[in-house]
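Since this is a predicted model, take the numbers as computed values, not measurements.
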Amino acid sequence: MMAKVTLRNLAAHKIRLVLTAVAVILGVSFVSGTLIFTDTMNRQFDDLFNGIGKGVAVDVRAKKVVDDPMDDGQSAQPVPASLVKTLSRVEGVKDVVGNVTGYAAVVGRDGKIIGGQGAPQLGVNWVPGGDYEMTSGRAPANATEVALDSATAGKAKLRVGDTARVVTSGTVQRVRVVGLIDTGNMMGASVAAFDTATAQRLLLKPGYFSDIQMGSTGPGEEELRDRVAQVLPPQLEAITGTKLRDDLKSGIAQFMGFFRTFLLVFALISIFVGAFIIFNTFSMLVAQRTRELALLRAIGAARSQVTRAVIGEAVAVGVVGATLGLAAGAGLAMLLQQQVMGEDAGGLVLTPNPVIWSYVVGIGVTVMSAYFPARRAAKIPPVAAMRDDVALPRRSMRIRLALGTLLTLIGAGLIALGLVGDAGNPAVPVGAGAFAVFLGVAMLAPVISVPVVRVLGAPAARLMGAPGRLARQNALRNPRRTAATAAALMIGLALITTVNVLGASMRSSVDSQVDRQFGADYIVQPAGMGGGGLDPRLVGQVKATPGVESAAGYYSGNLNIGGKRAWYAAGDAAALAKGTRMELVSGGTNLGRDGMMVDSDTASAQKWTVGSVVAVQFPDGATERLRVTGVYAKNDILGPRLISEQAHLAHAVRPSVSAIMVDARTADTATKSALERTLGDNPAVKVQDQAALKENARQQVDGLVSFLTVLLIMSVIIAAVGVVNTLALSVIERTREIGLLRAIGISRRQLRRMVRLESIVIAVFGAVLGIGIGVSFGAALQRALVEQGLNRLSVPVGTLAIYLVVAALIGVLAAVWPAWRAGRMDVLRAISTE
């Protein structure tokens with residue numbers, strides 16, 4: 001019998017439950033879309049790397065001394081080409097081939113670099129019979145020729161015989177395209193292949209390879225690896241082809257794991273918001289069906305049966321929402337794939353994982369959100385069926401007030417612990433604290449809503465007459481319902497506000513840092529995300545530019561100190577001190593050959609003073625003892641340590657300059673134009689003055705803020721659906737009241753205005769709560785990140801004001817259908833509704 005009751009209620013309330021299912025669909029689509037996308041990318045990367053070096057049994061490479069996650073080839077040690085002959089004589093070895101890999105970007109006919117926004121831009125040496133297949137033309141034979149992958153050539157509008165511009169290490173090579181190659185599915189990467197000698201000169205170092213690979217005439221991989229290892233010098237190692245492919249996969253798997261977690265965090269935020277909507281909807285449905293549920297109890301239905309009936313409705317909503325959410329997630333995954341891969345996007349991979357999690361999340365969240373309303377329904381006494389004014393009993397807010405206050409305090413404590421404490425991973429306590437604060441404020445929201453809604457609704461009550469007064473009274477009538485609806489919007493806007501406060505603080509801090517620490521007139525550095533760096537010869541060319549007084553190369557790298565990776569800057573200390581407005585605390589800038597300067601924080605932490613000798617290990621495996629010659633105040637451009645240019649160049653495989661700091665005799669348009677002429681038609685290099693440097697940093701911050709805001713907008717959309725749902729159910733609940741209002745003279749227009757104003761008050765209340773929490777979170781995070789350079793708090797008041805207006809517009813749009821429905825009610829039928 002109860003199964004029939006459940007099905008009948010689903011049919012009777014299908015519109016209300018469809019709106020609830022929308023919240024489930026949106027949340028599940030984010031989860032399933034993320035899982036499908038990452039599963040697809042992982043499968044494609046697996047296929048790609050399984051195809052790389054299929055015939056490779058053993059790979060010889062340099063042992064990694066310094067763990068450098070941002071290695072751009074400058075610190076990766078090469079393998080001498082002379083080793084090829086030695087390896088060819090090892091028993092069981094065949095087809096010994098040396099590979100060269102580096103940075104090379106193709107310039108399109110529009111003067112812009114192809115790619116560079118994610119997928120790598122590879123320069124390689126052409127290896128006959130290697131991983132790539134020549135599909136048109138021939139292999140490059142000298143320094144004036146290149147072969148391009150077909151996809152990149154198509155994007156650059158280049159054909160065999162055309163002259164192409166290829167950027168390597170900040171210099172432009174004009175070469176003739178002599179061949180097109182098929183690289184398979186390279187996930188959007190571009191490939192430019194040179195002859196071996198040219199590739200070594202442009203990408204690595206003459207007489208060296210990045211690695212050497214070989215096949216086997218019969219011995220197994222491990223046996224052949226052991227044979228090869230016996231003839232290698234100590235700084236090199238031999239690995240099996242299987243390990244080579246596994247290493248390539250593991251790096252991608254690690255990144256994809258981080259990316260999946262990153263996206264799932266935003267998906268969980270959307271689901272968390274959706275839980276408020278589902279809870280609110282089922283609470284209202286139970287309240288509206290009090291007499292019906294009491295009659296069921298009166299005719300013999302047990303409490304457990306009533307509970308199961310409501311839970312059954314939740315399961316049905318969860319199943320429908322999860323199914324549609326899974327389908328929507330597939331569409332979202334396809335869009336993500338097209339954004340990342342472009343024309344190289346393939347088909348989606350659907351594994352059991354996203355299907356299982358879609359239903360677990362969709363049904364689980366819906367059932368958990370509906371559980372407490374279901375329990376409340378079961379407690380309705382049968383005698384309530386005989387009353388005219390049936391309603392669920394009002395409960396005291398004392399427990400809610402105490403628990404909400406406790407959760408908020410615990411959450412604030414956890415956030416403080418994560419931000420200022422010495423917890424291993426601060427993200428864990430901060431995330432748990434933020435979750436507790438949201439729950440605490442959500443529980444306190446009914447208490448907060450009464451005074452706040454009175455204030456927010458006062459203008460409407462004063463200016464809009466009876467509709468305004470009724471709208472405010474309706475919002476105050478059920479504080480729990482108002483608070484639950486507003487809390488959903490609060491969460492989304494709180495996180496968006498936090499992101500915007502941090503973004504504004506980053507912009508302000510960068511501006512401050514540039515003003516305080518950038519003392520050069522211009523800076524020359526690579527454009528975009530390319531990893532090529534700049535050719536050191538550019539420093540001399542820039543120095544010789546008319547109007548330039550001095551130019552200093554700024555190098556960077558990693559070394560080991562005490563077994564731990566340590567980042568450093570290198571260059572002419574006196575010139576960099578001027579270019580970065582270094583504040584010297586003690587010692588001097590004369591580094592000599594083995595000198596090192598450190599900032600005051602590092603000196604204090606390591607107990608170093610001027611004259612201290614520090615043992616460091618460079619990426620080439622060499623160990624040197626550097627002497628501390630000076631201590632300077634914290635400098636975000638120089639970082640914690642500065643070593644001499646000579647020491648850096650002595651251990652760099654292929655030196656590349658990270659930036660060139662330029663002082664001009666007169667910093668004017670003529671000097672900047674002269675610098676641009678010196679750099680020529682190189683789209684990989686840009687010249688910036690202080691204002692342009694600030695603007696470039698602002699654009700990067702704005703891009704990050706926009707990206708995070710877009711991810712968080714899903715939660716705001718779900719919250720808007722919640723406002724629609726609440727208003728629609730509220731209109732149904734007040735059918736008789738609306739009929740009486742129409743009977744005593746209120747017009748349809750006034751009635752619709754009343755519903756709109758109520759919606760606006762609820763939405764603005766949620767926005768006020770969210771913005772308040774977001775500003776608090778943003779300020780706390782800024783204070784915690786002062787030592788990382790975020791030294792200025794900036795609250796984007798204008799942006800937050802826009803969010804308030806947007807919240808009001810959400811209220812207007814959310815009220816369109818409920819207001820239309822209220823205005824179309826038949827007066828006599830509404831009055832007679834029980």
Closest non-hydrogen atoms of Val365 and Ala275, given as atom of the first, atom of the second and distance, are CG1-CB, 4.1 Å

Closest non-hydrogen atoms of Phe765 and Ala483, given as atom of the first, atom of the second and distance, are CE2-CA, 4.4 Å

Here the pair of heavy atoms bringing Pro354 nearest to Ser32 is CB-O, 4.2 Å

Rounded to the nearest 0.5 Å, the CG atom of Leu324 sits from the CD1 atom of Ile25 at a distance of 4.5 Å

Report yes if some heavy atom in the side chain of Ile718 is under 4.5 Å from a heavy atom in the side chain of Phe30; otherwise report no.
no

Residues passing the salt bridge (charged side-chain N to carboxylate O under 4.0 Å, His left out) test with Arg260, sequence neighbours excluded, are Asp39

_If you define the side chain from C-beta out and look only at heavy atoms, does anything of Leu489 sit under 4.5 Å from Val273?_
no

Closest non-hydrogen contact found for Thr405 with Leu401 is OG1-O, 2.7 Å

Exercise for the section: Give a yes or no answer on whether the side chain of Thr482 reaches the backbone of Pro479 with a donor-acceptor pair at less than 3.5 Å. Expected result: no

Worksheet item: Would you say the side chain of Val28 lies within less than 4.5 Å of the side chain of Trp357, judging by non-hydrogen atoms?
Response: no

Note to self: If you define the side chain from C-beta out and look only at heavy atoms, does anything of Arg752 sit under 4.5 Å from Val755?
What the structure shows: no

- Does Gly27 offer a backbone N or O that forms a donor-acceptor pair with the side chain of Ser270 under 3.5 Å? no

Nearest heavy-atom contact between Ile269 and Ser715 is CG2-CB, 4.1 Å

Rounded to the nearest 0.5 Å, the OG1 atom of Thr34 sits from the CG atom of Leu268 at a distance of 9.5 Å

Original post:
Stepwise, does the side-chain contact (heavy atoms from CB on, under 4.5 Å) test hold for Arg472 with Val761?
Top reply: CA-CA 7 Å; Arg472 181 171 68 165; Val761 168; 5.8 Å; no

Rounding to 0.5 Å, atoms OG1 (Thr497) and CD1 (Ile771) come to a distance of 5.0 Å

### Task
Count the heavy atoms belonging to other residues, nucleotides or ligands that lie under 6.0 Å from CZ of Phe372, then report whether that count exceeds 12.
no

Separation between CD1 (Ile363) and CD1 (Ile311), nearest 0.5 Å, reads 12.0 Å

query = So do Val775 and Leu800 actually touch side chain to side chain, heavy atoms under 4.5 Å?
reply = yes

Are side-chain heavy atoms of Leu444 and Thr408 found at a separation under 4.5 Å? yes

### Task
Show your reasoning for whether side-chain contact (heavy atoms from CB on, under 4.5 Å) applies to Ile773 and Phe438.
CA-CA 9 Å; Ile773 293 173; Phe438 280 130; 4.2 Å; yes

Should the ring pair Phe435 and Phe272 be called parallel, tilted or perpendicular, given that the plane angle runs from 0 to 90° and is split at 30 and 60? tilted

dist Leu804:CG -> Leu809:CG (nearest 0.5 Å) comes out at 11.0 Å

Note to self: Before you tell me yes or no, could you show the steps for Val724 and Leu813 under side-chain contact (heavy atoms from CB on, under 4.5 Å), namely the whole-Å CA-CA distance, both residues' side-chain angles and the distance that decides it to 0.1 Å?
What the structure shows: CA-CA 8 Å; Val724 176; Leu813 295 174; over 6 Å; no

| Less than 4.5 Å apart, any side-chain heavy atom of Phe266 and any of Leu495? | no

The reported gap from CD1 in Ile271 to OG in Ser369 (rounded to nearest 0.5 angstrom) is 10.5 Å

*For the side chain of Ser29 and the backbone of Leu26, is there at least one donor-acceptor N/O pair under 3.5 Å apart?*
yes

Problem set entry | Phe279 ring center near Tyr371 ring center (under 6.0 Å) | no

Residues Ala471 and Leu757: closest non-hydrogen pair is CB-CB, 3.6 Å

